[in-house]
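Convention: sequence-line order gives letters A, B, ...; per-chain numbering from 1.
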Number of protein chains: 2
Amino acid sequence: MPAEPSTQQDGYTACADGEMPVPAMFRNLIGYHLRVAQETSFQAFARAAGKADLKPGWYSLLTVLAERNSMTPSELSRICGRDRSTLTSSLKALSHRGLIERRPNPDDQRSYSVRLTENGRRMQKQLHAIAVVYDRRLDEIAGKDKAVLIAVLGRIAATFGMPQDC
Amino acid sequence: MPAEPSTQQDGYTACADGEMPVPAMFRNLIGYHLRVAQETSFQAFARAAGKADLKPGWYSLLTVLAERNSMTPSELSRICGRDRSTLTSSLKALSHRGLIERRPNPDDQRSYSVRLTENGRRMQKQLHAIAVVYDRRLDEIAGKDKAVLIAVLGRIAATFGMPQDC
DNA sequence: GCAAGGTAATTTGATGTCAAACTATCTTGC
DNA sequence: GCAAGATAGTTTGACATCAAATTACCTTGC
């Protein structure tokens, strides 16, 4: 065995030169850079959360709930930008683990509202701590451009996030 | 500049005012804005591509291939940032539709290389045209901050895209 | 009042993704 | 050479997601 630990094999050269080829046609496309930046940074967060046995998708749900007394699944779905049907299994899992409580809505039998439990609040803080660690790295990378970055990203989300028929 | 937070959160009322409430704990997190901006803009592109019966995931594959004579699935996987196993079914579909050709590698029986066909090149141009339309909107939104945006996003991808042990 | 249509949540089906297991092949140290 | 380990591609399993269909309940026009 050869051993070279870092043997680098494929062009990737792992750490050796850290250079990722960007296809020429993509170099000027904001959408490409946006996608790659988001995916790589989110995966780093997800990996860290996963090591603590936490689902990254829970973070936004718990955080949104942490800021409001209670909400219906539909409200949660709109604010988190996920289809309602996607929430069904998440809420089931969160409820099963005692992180949220469901309570029937007396005014509407179809609906119910969801509220964080004490454990849920604890879990939210734990996930937030992990997120903040990662975001600090993003802050460093953005440096003085952070405000501009957030402003532009916000405009993008506002523009494309409009319900299509508006 | 920072653009301003939505004052109203409560109602949400769909289109009525087009403002999406951003949870307070997320307002200062770059990762959150990155995620929302990427998801909303990518979905807009995916929807447009889907109307032409094109899979958005094909775009990066075809484009990368358009810039090189031929590549192995593993190289493609690294450049596109997708797991190798993910490419298996995509390449099968692309091959089945006659958009790419596979050819065995005489030097290594395990491997093969992939090349665009004429139809594949046509399809790539078509997808690129759609992507460019969307990216033009992103350009407008970014305005004079485009260069800064791309630079920051590139640094993020480079930092987090490193193989984990670096 | 009540039928028609809307809404809340769920279920189901199709995708896209990663990671881990697997098979076949190549490479290397000895 | 050849056994041990690395590598290429695939298969399989687990998820997250969306969209369409379903069910139960609500609201409205008349």
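Glu67(B) places a side-chain N or O within donor-acceptor distance of the main-chain N or O of Met25(A), the cut-off being under 3.5 Å. In this structure a side-chain-to-backbone donor-acceptor pair under 3.5 Å is missing from Arg102(B) to Val114(B). Ser60(A) places no side-chain N or O within donor-acceptor distance of the main-chain N or O of Cys80(A), the cut-off being under 3.5 Å. No donor-acceptor pair closer than 3.5 Å links the side chain of Asn119(A) to the backbone N or O of Leu99(A). At least one donor-acceptor pair closer than 3.5 Å links the side chain of Thr159(B) to the backbone N or O of Arg155(B).
In this structure, Arg35(B) forms a cation-pi arrangement with Phe42(A), its terminal cationic atom sitting closer than 6.0 Å to the ring centre and no more than 45° off the ring axis. Seen from the ring of Tyr112(A), Arg103(A) does not count as a face-on cation partner, given the 6.0 Å and 45° thresholds.
Distance Gln38(B) CD to dT17(C) P: 11 Å, rounded to the nearest Å. Following rounding to the nearest Å, Gln109(B) (CD) and dC26(C) (P) show an atom-to-atom distance of 5 Å. Phe42(B) places its CZ atom 12 Å from the C1' atom of dT17(C), with the value rounded to the nearest Å. Put simply, CG on Leu61(B) is 11 Å from P on dG16(C), counting in whole angstrom units. As rounded to whole Å, 12 Å separates atom P of dT10(C) from atom CG of Leu76(A). Taking atom CE of residue Met71(A) and atom C1' of nucleotide dA8(C), one finds them 14 Å apart after rounding to whole Å. Between Gln43(A) atom CD and dC15(D) atom P there is a gap of 17 Å when expressed in whole angstrom units. Remark: C1' of dT7(D) and CZ of Arg78(B) are 11 Å apart, rounded to the nearest angstrom.
For Phe45(B) and Phe160(A), the ring centers are positioned 6.0 Å apart or more.
Under 3.5 Å, the side chains of Thr63(B) and Gln124(B) contain a donor-acceptor pair of N or O atoms. Asp83(A) and Ser85(A) share a side-chain donor-acceptor pair at under 3.5 Å.
The stretch residues 93-108 of chain A comes close to DNA chain C through Arg102(A), each having a heavy atom under 4.0 Å from the strand. Only at 4.0 angstrom or more do the heavy atoms of residues 122-131 of chain A sit from any atom of DNA chain D, so none qualifies.
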Nucleotide N/O to protein N/O under 3.5 Å, stretch nucleotides 19-21 of chain D:
residue, atom, partner, partner atom, Å
dA19(D), N6, Ser85(A), OG, 2.9

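Remark: the Arg110(B) side chain and the dT7(D) base include a donor-acceptor N/O pair separated by less than 3.5 Å.
The side chain of Ser111(B) contributes an N or O atom lying less than 4.0 Å from OP1 or OP2 of dG9(D). Between Tyr112(B) and dT10(D) there is a side-chain N or O to OP1 or OP2 distance below 4.0 Å. Of the side-chain N and O atoms in Lys92(B), one or more sit less than 4.0 angstrom from OP1 or OP2 of dT11(D).
Nearest-nucleotide positions on DNA chain C for Thr88(A) and Glu39(A) put Thr88(A) closer to the 5' end.
Under a 4.0 Å N-O distance rule, the pair Glu140(A)/Arg136(A) does not qualify as a salt bridge. Using a cut-off of 4.0 Å between Lys/Arg side-chain N and Asp/Glu carboxylate O, Glu39(A) and Arg82(B) are scored as salt-bridged.
The residue Thr72(B) sits close only to the backbone: its heavy atoms come under 4.0 Å of sugar-phosphate atoms, none of a base.
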